[in-house]
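All ligand and atom numbering here is 1-based and tracks the order in the structure. All values derive from a computational prediction rather than experimental measurement.
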Amino acid sequence: MILYFTGTGNTKFVAEYIADHVGDDCVNLNDVLKFKRPLRFNSVKPFVFCAPIYAWRFPKLIEKVISRAELTGSEQIYYIATMGSQTGDFEYSLEKLAYAKEMAYMGACGVPMPNNFINGSELPTPEEAEVKITASLPLMKTLSDRIMQGAMIEKFDDTPFAGLASGTVNYMFNRFFISSDKYTVSEDCVSCGKCESVCPVNNIKLSGSGIPQFRSYCIGCYSCVNRCPQEAINIGKKTEGRRRYSAPEYSDWKNEGKITE
Ligand SMILES: Cc1cc2nc3c(=O)[nH]c(=O)nc-3n(C[C@H](O)[C@H](O)[C@H](O)COP(=O)(O)O)c2cc1C
């Protein structure tokens, strides 16, 4: 069973590629979280958790989901991250989680995908994104093959001071950087409600006058900022005028013949 969490679609793309190649079910954890469905999953095939990297680690919320989930059937667990370029040592806490669940840790790997960290830097154009995703297709194939064979997977990216990045820096990031207070909504907002529907943690509610209101549960996926059709949501002044990013759909790429193996 392939279970994924996504902010802007990269992880959904990778999870759907793998599910299609190994012939397994794909579970959208955004829906599980949004609609507060039970964290109980049964699968005869290995569990493959897929999530984006936030500050050199899986999102804290997803680590919590994995820790709390009741997994029955298979006793094997794989982890696949999508990342701009560095995963730190994200596998360290995940390996411990697998052992705490008395499951076999089958390895972890980061797949380079277009960067969606909009308050960090300019995001890729659709053309640049396509080049990056295309370059990662062989890795998605290798990971699918190894999962099908029941073989371990290994990561290949390298982060200087990985322990520090995934430890102290990640802690500071979650503690001080992620905050709902920083969001602004411009007058371009047309109250379409897209932000409310894409927020995986129900952090956004439209007010009586239709203006998005942010509560205090933000996990920093930036789905609202990147997917607002009016580009009306910003993180302060930093992201104003910056290009937004949403991943292409795996099914479209397949239909268009861009997935060759
Ligand atoms: C809050 C935040 C923090 C991020 N931190 C990292 C990071 O530490 N290393 C990295 O390579 N990419 C980082 N990224 C980029 C994402 O991991 C990458 O674009 C990922 O594929 C997004 O997946 P999604 O489209 O499924 O949300 C970060 C993105 C966000 C939004």
Discussion item. Side chain or backbone, does Thr8 bring an N or O within less than 3.5 Å of an N or O on ligand 1?
Written reply: yes
Discussion item. What I want to know is whether Ala55 and ligand 1 share at least one N or O pair that is separated by under 3.5 angstrom.
Written reply: yes
Worksheet item: So with a 6.0 Å cut-off around CD of Glu256, is the heavy-atom count from everything else above 12?
Response: yes
Worksheet entry | N-O pairing of Lys60 and Glu63 below 4.0 Å | no
Worksheet item: Under 30°, 30 to 60°, or over 60°: which ring-plane class applies to Tyr105 and Tyr79, parallel, tilted or perpendicular?
Response: tilted
Practice prompt. Examine Phe5 against ligand 1 and note whether any of their N/O atoms are separated by less than 3.5 Å.
Written response: no
Worksheet item: Is Lys12 close to ligand 1, meaning an N/O of one under 3.5 Å from an N/O of the other?
Response: no
Worksheet item: Can Lys12 and Glu16 be counted as an ion pair, charged N to O under 4.0 angstrom?
Response: yes
Worksheet entry | Gly84-ligand 1 polar pair, N/O distance under 3.5 Å | yes
Worksheet item: Of the choices Val14, Thr11, Ile53, which has the non-hydrogen atom that lies closest to atom 14 (N) of ligand 1?
Response: Ile53
Worksheet item: Using the ring of each side chain (for Trp, its six-membered ring), is Phe177 parallel, tilted or perpendicular to Phe117, with breaks at 30° and 60°?
Response: tilted
Worksheet item: Is Ser85 near ligand 1, meaning one of its heavy atoms is under 4.0 Å from it?
Response: yes
Practice prompt. Of all the heavy-atom pairs spanning Tyr183 and Ile235, show the shortest one and how long it is.
Written response: CE2-CG1, 3.8 Å
Practice prompt. Ignoring angles and geometry beyond distance, decide whether Phe173 reaches within less than 3.5 Å of ligand 1 through its nitrogen or oxygen atoms.
Written response: no
Discussion item. Considering non-hydrogen atoms of the protein only, which is the closest contact for atom 9 (N) of ligand 1, and what is the distance?
Written reply: Gln86 O, 2.9 Å
Discussion item. Regarding ligand 1, does Thr82 bring an N or O atom to under 3.5 Å of one of the ligand's N or O atoms?
Written reply: yes
Worksheet item: Between the side chain of Asp157 and the main-chain N/O of Thr87, is any donor-acceptor distance below 3.5 Å?
Response: yes
Worksheet item: Is the closest side-chain donor-acceptor distance between Ser180 and Ser216 under 3.5 Å?
Response: no
Worksheet item: Can you list the atoms of ligand 1 that are under 4.0 Å from a heavy atom of Gly220?
Response: 1 (C), 31 (C)
Worksheet item: After noting the C-alpha distance and the side-chain angles of Ile147 and Asp24, does the key distance pass the side chain to side chain contact (heavy atoms under 4.5 Å, CB included) rule?
Response: CA-CA 11 Å; Ile147 291 167; Asp24 203 351; over 6 Å; no
Worksheet item: Using heavy atoms and a threshold below 4.0 Å, how should the contact between Ala81 and ligand 1 be classified: side chain, backbone, both, or neither?
Response: neither
Practice prompt. Could you tell me whether ligand 1 has any atom less than 4.0 Å away from a heavy atom of Ala165?
Written response: no
Discussion item. Heavy atoms only, cut-off 4.0 Å: how does Trp56 contact ligand 1, side chain, backbone, both, or neither?
Written reply: both
Worksheet item: Would Tyr4 count as a contact of ligand 1 if the rule is a heavy atom under 4.0 Å away?
Response: no
Discussion item. Leu143 vs Tyr17, test: side chain to side chain contact (heavy atoms under 4.5 Å, CB included). Steps then yes/no.
Written reply: CA-CA 10 Å; Leu143 292 170; Tyr17 179 107; over 6 Å; no
Response to the item:
atom 27 (O) of ligand 1 sits nearest the protein heavy atom Gly7 N, 2.7 Å
